[in-house]
Amino acid sequence: MTAVRVAALIPAAGSGTRLGLGPKAFVEVAGRSLLGRSAAALAPHVDEVLVALPAGLDLPGDVPARAVTGGDTRQASVLALLRATDAEVVLVHDAARPFLPGAVVGAVTTAAREVGAATAALPVADTLVRAGPGGDCGTLWGTLTPREGLWAVQTPQGFRRDLLLAAHEAALADGFAATDDAGLIARTGGAVRLVPGDARLFKVTTPGDLALAQALAPTWDGQVWDAGGA
């Protein structure tokens, strides 16, 4: 039986506006860039790692990957990455989620091979409220939203490459934008399996997230994070 080639795709062409420290993928946590950490977490589990970077920027030396030029949007960058690999299965991962357990990578890859599309996700644990009209008190409690059956989507997301490429090309032709790649598969009527993720797979978006990442990094480095090590 021929082995299935797997590629990890990291769209890292964003500006990081909310964090305010330049391109977010290049921001360092405990001496290593977010991108470097994410690529290193994926590299042992895939045949190649590809990164989409802003035009004119080079790949940092701590990133075990091959670079392509990204697009103006995340969606455009993922499409460029898909066109740059011939792997049968692809994992799309946010550079800003640096703490990626190997067990999650393996579970998403297996699910993608079995059903064609999968994503790491966590059941929502918090109370959810839709904000009501603002007033002198600021944002107000509006409508309570039941959390039963709701999942918070993470990455990596895994796909058979042909399915995701077709979904991206259809979205491009229709001028449709999605917040993630699994959403494009769902738009075409495809099934996406939810794979249990990890609370440490949070996305570094705000200064508070960065502070949390700085605190977590020393306990993460040098440890084996697999099915039995988390």
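Computed from heavy atoms alone, side chains included, the values below leave out hydrogens, waters and symmetry copies.
Formation of a donor-acceptor pair under 3.5 Å by the D47 side chain with backbone atoms of V6 is found in this model. With hydrogens and angles ignored, the 3.5 Å screen pairs a side-chain donor or acceptor of Q75 with a backbone N or O of A178. Judged by distance alone, with hydrogens and angles left aside, the side-chain atoms of R161 form a donor-acceptor pair with the main-chain N or O of L82 at under 3.5 Å. Not a single donor-acceptor pair under 3.5 Å links the side chain of T110 to the backbone N or O of A107. Under a 3.5 Å cut-off, the side chain of S38 and the backbone N or O of L35 do not form any donor-acceptor pair. The main-chain N or O of V29 is found under 3.5 Å from a side-chain atom of R37 such that the two form a donor-acceptor pair. With hydrogens and angles disregarded, a donor-acceptor distance shorter than 3.5 Å links the side chain of S77 to the backbone of G71. Under a 3.5 Å cut-off, the side chain of Q157 and the backbone N or O of A182 do form a donor-acceptor pair. D180 places a side-chain N or O within 3.5 Å of a backbone atom of G183 that can act as its donor or acceptor partner.
Across P133 and L140, no two heavy atoms sit closer than the pair O-CD1, 3.4 Å. The shortest heavy-atom contact between R66 and A84 is NH2-O, 3.1 Å. The shortest non-hydrogen separation linking V195 to A118 is CG2-CB, 4.1 Å. Between H45 and G102, the closest heavy-atom pair is NE2-CA, 3.6 Å. Nearest heavy-atom pair, I185 versus A191, reported as atom, atom and distance to 0.1 Å: CG2-O, 4.2 Å. When all heavy atoms of L122 and G197 are compared, the closest pair comes out as CD2-C, 3.7 Å.
No continuous path of hydrophobic side-chain contacts links V105 to L164 [ILVMFWY only; heavy atoms under 4.5 Å]. In the hydrophobic clustering of ILVMFWY residues, with side-chain heavy atoms under 4.5 Å counting as a link, V78 and V51 come out apart.
With contacts defined as side-chain heavy-atom distances shorter than 4.5 Å, the pair W220/R200 qualifies. Counting heavy atoms from C-beta outward, V115 and R160 have side chains that stay 4.5 Å or more apart. In this structure, H93 and L201 have side chains that are in contact, with non-hydrogen atoms separated by less than 4.5 Å. Using a 4.5 Å heavy-atom threshold, the side chains of V89 and F159 count as separate. P98 places a side-chain heavy atom less than 4.5 Å from the side chain of V204.
Geometric assessment of R187 against the ring of F176 yields a positive cation-pi assignment under the 6.0 Å and 45° thresholds.
For the atom pair CG of D86 and CD of E48, the computed distance is 7.0 Å after rounding to the nearest 0.5 Å. Separating the CG atom in L212 from the CG atom in L216 is a distance of 6.5 Å, to the nearest 0.5 Å. How far CG of L100 is from CG of L91: 9.0 Å, rounded to the nearest 0.5 Å. Between L165 atom CG and R83 atom CZ the span is 7.0 Å, to the nearest 0.5 Å. Rounded to the nearest 0.5 angstrom, E169 CD and D174 CG are separated by 12.0 Å. With rounding to the nearest 0.5 Å, the separation of CG in D94 from CZ in F202 is 13.0 Å.
Ion pairing between D126 and R147 fails under the 4.0 Å rule for side-chain N and carboxylate O. Between R97 and D209, none of the side-chain N atoms (NZ, or NE/NH1/NH2) sits under 4.0 Å from a carboxylate O, so this pair counts as no salt bridge. No salt bridge links E88 with R113; every basic N to acidic carboxylate O contact stays at or beyond 4.0 Å.
Within 6.0 Å of CG on D72 lie no more than 12 heavy atoms contributed by other residues, nucleotides or ligands.
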**Request:** Give the C-alpha distance, both sets of side-chain angles, the deciding distance and a yes or no for side-chain contact (heavy atoms from CB on, under 4.5 Å) between L53 and F26.
**Result:** CA-CA 10 Å; L53 293 178; F26 292 78; 4.0 Å; yes

**Request:** Any chance you could lay out the side-chain contact (heavy atoms from CB on, under 4.5 Å) test for L9 and V49, step after step, and finish with the verdict?
**Result:** CA-CA 6 Å; L9 313 180; V49 179; over 6 Å; no

**Request:** Could you go through the side-chain contact (heavy atoms from CB on, under 4.5 Å) check for L50 and I10 one step at a time?
**Result:** CA-CA 6 Å; L50 287 81; I10 305 178; over 6 Å; no

**Message:** side-chain contact (heavy atoms from CB on, under 4.5 Å) for V129 and T145? Distances and angles first, verdict last.
**Reply:** CA-CA 5 Å; V129 175; T145 300; over 6 Å; no

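Remark: of the listed residues L184, L81, L163, L184 is the sole one forming a side-chain contact (heavy atoms from CB on, under 4.5 Å) with H168.
Q154 and T119 form no side-chain donor-acceptor contact under 3.5 Å, judged by distance and modelled atom types alone.
The salt bridge (charged side-chain N to carboxylate O under 4.0 Å, His left out) test applied to E148 returns no partner, not counting sequence neighbours.
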